[in-house]
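To keep things clear, I will list the structure first and then write my remarks on it.
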Amino acid sequence: MAGDGTATGFGMTDLEERLGGPQGRDVQERTTAMLADRAQRLRALMDAGLPPNEFRKASAAHAALEAAFDIVSRFPAGSQTRGQ
């Protein structure tokens with residue numbers, strides 16, 4: 001709706017607003033790089049060995065980071081046109 005790249009016509013989060021704004025592609029690149037780095041660091045900790053309870057927590061966090069990366073990388077960054 002409203003030509004801003006969102007289904008609701010407004011961003012639900014600050015990140016969504018920034019992704020849809022004029023610097024959206026830069027925000028997208030920085031955010032996906034940060035998510036990938038954190039996922040890689042967490043995977044290294046998991047591979048090094050964690051107690052079972054900590055491994056389950058780390059595994060869930062890793063899955064969340066991967067899901068966030070997928071969502072942010074698919075977002076139509078920079079598509080928002082304010083005032084139209």
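This is a predicted model, so every value here is computed, not measured.
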What distance separates T32 OG1 from Q28 CD, expressed to the nearest 0.5 Å? 6.0 Å
With a 4.5 Å cut-off on side-chain heavy atoms, are V27 and L15 touching? yes
Pairs involving residues 59-71, ordered by first then second residue, that meet side-chain hydrogen bond (donor to acceptor under 3.5 Å, both in side chains) (sequence neighbours left out): D70-R74
In Å, rounded to the nearest 0.5 Å, how long is the span from CZ of R25 to CZ of F75? 11.0 Å
Result block: side-chain N/O donor-acceptor pairs under 3.5 angstrom for residues 47-58, not counting sequence neighbours:
none

What distance do R43 atom CZ and L65 atom CG have between them, rounded to the nearest 0.5 Å? 11.0 Å
Residue set satisfying salt bridge (charged side-chain N to carboxylate O under 4.0 Å, His left out) with R30, at least two apart, ordered chain then number -> D26
Quick one: list whatever passes side chain to side chain donor-acceptor pair (under 3.5 Å) with R41, sequence neighbours left out. D37
